[in-house]
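Given the structure is predicted, the values throughout are model-derived calculations rather than measurements. Naming convention: chains lettered A, B, ... in sequence-line order (proteins, then strands); numbering from 1 in each chain.
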Protein chains: 2
Amino acid sequence: MINIKYFFKFAADILLFHGIFMKLTNTSEYALRILTYMAKDPGQLYTAKSLIEKLKISDKYLRRLMTTLSKEGFIYSIQGRDGGYSFKKQPNEIFLADVVNAVEGMDTYAGCVLGFEECSCENPCVMHSTWVKVREEFMSVFTGKTLSDLDFELAKRY
Amino acid sequence: MINIKYFFKFAADILLFHGIFMKLTNTSEYALRILTYMAKDPGQLYTAKSLIEKLKISDKYLRRLMTTLSKEGFIYSIQGRDGGYSFKKQPNEIFLADVVNAVEGMDTYAGCVLGFEECSCENPCVMHSTWVKVREEFMSVFTGKTLSDLDFELAKRY
DNA sequence: TATATATACTACATATATGTGGCAAATACT
DNA sequence: AGTATTTGCCACATATATGTAGTATATATA
């Protein structure tokens, strides 16, 4: 899930700055943060402890998420001493959309921006075409890129 | 605020359909639903009662929203018998981004898709450029269109 | 078998978004 | 002044997302 907010902000020099706030839910953020981190070195076995320390995600929340990601087939887990998590599917088989979908659940549908049930191309609301433009950009990016299609060389993080 | 979810859905013919769920918060949906409805006939005075019936928004929630929209300067309100709401700013002066921003509050900022505080073009996360593409599409559409730039002829709704 | 270390699960706690109830205040009309 | 109709406001109720606590279970090693 993604949250988007617009904002206005005064810079120090009194310049009016008109920007956007667009944010995944913490849950989706965490899932992508974890998997993109693991994708840098996909062969490794990662303990919850190491992920928590490295990625600043709260202990129990991360563990619950790992269980979800495991049940969804992205990773497998090994219990007991010397246990941990590693990839089950390869990173180049995992699309960004799949990750978001998995952790957010599938009990949703493509909705009208104004919340109308009956909105469609044949019977559009006043914002239909406007919204479709935004949605299609998001769709093409998130369904078109896998975990291994990201900027691992550019990013100095982790 | 906007919530986006991906979804998979089986059509009747067993075709696997891979789509997107992308949704404003109810609050933003309501605000846009109300203002786009009013923008079809901007000169009129609208009672809360008529808006509730027409737009299927719960009584008290709509009234609270109208007060917000009024305080934010989009509309003015007339109390008492024969009172109601009407535009203060003209619809062609109200950008979609302004509406979302007004009802969601301004205590936010443009964030990293993975939730990193320090993420920027100079110090990007692995998803930075990917996310910027999506965000800029949303930004250009919502800061580029006003309430009067919508498809009033096409939409049979209301 | 005992111990250390790891994941799995359940239930609860907190924060935020959303929705509701009741009453006060304003205004037109009689 | 009295009444009907309308907006304004406060406090609470509910739903969902997020975060935490405690305990059970699994496994490598000694």
Side-chain angles (χ1 to χ4, degrees), chain A residues 1-5 21 23-34 38 44-53 55-72 74-86 88 100 102-108 111 115, chain B residues 1-5 21 23-34 38 44-53 55-72 74-86 88 100 102-105 107-108 115:
Chain A
M1 193 199 292
I2 296 179
N3 305 323
I4 303 176
K5 290 188 182 182
F21 182 67
K23 185 186 176 302
L24 291 164
T25 60
N26 289 2
T27 301
S28 292
E29 264 183 27
Y30 293 164
L32 286 173
R33 214 192 290 180
I34 293 162
M38 291 173 63
Q44 214 179 308
L45 194 69
Y46 296 87
T47 63
K49 199 179 170 189
S50 73
L51 295 173
I52 288 160
E53 285 171 358
L55 303 177
K56 317 289 180 194
I57 301 172
S58 74
D59 189 327
K60 299 301 171 61
Y61 207 73
L62 177 133
R63 288 171 191 282
R64 194 194 299 172
L65 238 184
M66 297 311 279
T67 303
T68 302
L69 294 175
S70 175
K71 284 179 176 166
E72 294 287 337
F74 299 122
I75 58 177
Y76 64 87
S77 66
I78 298 176
Q79 288 191 32
R81 183 167 167 170
D82 298 348
Y85 305 94
S86 195
K88 188 172 176 187
V100 176
V103 299
E104 297 292 346
M106 324 223 284
D107 55 341
T108 53
Chain B
M1 193 197 294
I2 296 177
N3 306 322
I4 304 176
K5 290 186 181 183
F21 180 68
K23 185 187 177 303
L24 291 164
T25 59
N26 289 2
T27 301
S28 291
E29 265 184 28
Y30 292 164
L32 286 173
R33 213 191 291 179
I34 293 163
M38 290 173 63
Q44 215 179 310
L45 193 69
Y46 295 89
T47 64
K49 199 178 170 190
S50 73
L51 295 172
I52 289 161
E53 285 171 358
L55 303 177
K56 317 289 182 195
I57 302 173
S58 74
D59 188 326
K60 298 303 169 67
Y61 207 73
L62 177 133
R63 290 171 190 281
R64 196 194 298 171
L65 239 183
M66 296 310 278
T67 303
T68 301
L69 294 174
S70 176
K71 283 179 179 167
E72 294 287 336
F74 299 121
I75 59 177
Y76 63 86
S77 66
I78 298 176
Q79 288 192 33
R81 181 167 170 173
D82 298 349
Y85 305 94
S86 196
K88 189 171 174 187
V100 175
V103 298
E104 296 292 346
D107 55 340
T108 53

Distance test, side-chain N/O of N26(B) to OP1/OP2 of dG19(C), below 4.0 Å: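 Affirmative; the distance criterion is met.
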
Side-chain N or O of S77(B) versus OP1/OP2 of dT6(D): is the shortest distance under 4.0 Å?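 Checking S77(B) against dT6(D): no side-chain N or O falls below 4.0 Å of OP1 or OP2.
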
Once side-chain contact (heavy atoms from CB on, under 4.5 Å) is applied, do any residues pair with Q79(B), and if so which ones, sequence neighbours excluded?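 side-chain contact (heavy atoms from CB on, under 4.5 Å) list for Q79(B), sorted by chain: empty.
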
Side chain to side chain donor-acceptor pair (under 3.5 Å) against [X], all qualifying residues, sequence neighbours excluded:
{"X": "T68(B)", "answer": "none"}
{"X": "S86(A)", "answer": "none"}
{"X": "T47(A)", "answer": "S50(A)"}

Whole Å only: how far is the [atom1] atom of [X] from the [atom2] atom of [N]?
{"X": "K71(A)", "N": "dT7(C)", "atom1": "NZ", "atom2": "P", "value": "15 Å"}
{"X": "Y30(B)", "N": "dG19(C)", "atom1": "OH", "atom2": "C1'", "value": "8 Å"}
{"X": "L24(A)", "N": "dA17(D)", "atom1": "CG", "atom2": "P", "value": "14 Å"}
{"X": "Y76(A)", "N": "dA6(C)", "atom1": "OH", "atom2": "P", "value": "16 Å"}
{"X": "Y46(B)", "N": "dT5(D)", "atom1": "OH", "atom2": "P", "value": "22 Å"}

Please pick, from dT18(C), dA8(C), dT6(D), the nucleotide with the shortest atom-to-atom distance to any side-chain atom of T27(B).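 Nearest listed nucleotide: dT18(C).
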
Could you check which of dG19(D), dT7(C), dT7(D) has an atom nearest any side-chain atom of A48(A)?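 Closest nucleotide to the A48(A) side chain: dT7(C).
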
Any heavy-atom pair between the side chains of I34(A) and L62(A) that's under 4.5 Å?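 In contact.
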
How is S70(B) classified with respect to the nucleic acid when contacts are heavy atoms under 4.0 Å: base, sugar-phosphate, or nothing?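 If one applies the 4.0 Å heavy-atom cut-off, S70(B) turns out to touch nothing in the nucleic acid.
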
Got a sec, which residues hit salt bridge (Lys or Arg N to Asp or Glu O under 4.0 Å) with D59(B), two or more places apart in sequence or on another chain?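 Checked D59(B) against salt bridge (Lys or Arg N to Asp or Glu O under 4.0 Å); matches are R63(B).
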
According to salt bridge (Lys or Arg N to Asp or Glu O under 4.0 Å), who are the partners of E29(A), at least two apart in sequence or on a separate chain?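 For E29(A) the salt bridge (Lys or Arg N to Asp or Glu O under 4.0 Å) partners, ignoring immediate neighbours, are K23(A), R33(A).
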
List for me each residue that meets ring-ring contact (aromatic ring centres under 6.0 Å, His included) alongside [X], sequence neighbours excluded, and say none if there are none.
{"X": "Y85(A)", "result": "none"}
{"X": "Y30(A)", "result": "Y61(A)"}
{"X": "Y76(A)", "result": "none"}

Using five base pairs at each end, measure the axis-to-axis angle across the helix from dT1(C)-dA30(D) to dT30(C)-dA1(D) and round it to 10 degrees.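 Rounded to the nearest 10 degrees, the bend comes out at 10°.
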
Among L69(A), I75(A), L55(A), find the one that has a side chain to side chain contact (heavy atoms under 4.5 Å, CB included) with M38(A).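 That would be I75(A); it is the only one of L69(A), I75(A), L55(A) passing the side chain to side chain contact (heavy atoms under 4.5 Å, CB included) with M38(A).
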
Could you write out each protein N or O paired with an N or O of nucleotides 25-30 of chain D at a distance under 3.5 Å?
unit_1  : atom_1 : unit_2 : atom_2 : d
dA26(D) : O4'    : Q79(A) : OE1    : 2.8
dT27(D) : O2     : R81(A) : N      : 3.2
dA28(D) : O3'    : D82(A) : OD2    : 3.4

Listed in order of residue number, which residues of residues 56-67 of chain B have a non-hydrogen atom at under 4.0 Å from DNA chain D?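 Those residues whose heavy atoms fall under 4.0 Å from DNA chain D, taken from residues 56-67 of chain B in numerical order, are R63(B), R64(B), T67(B).
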
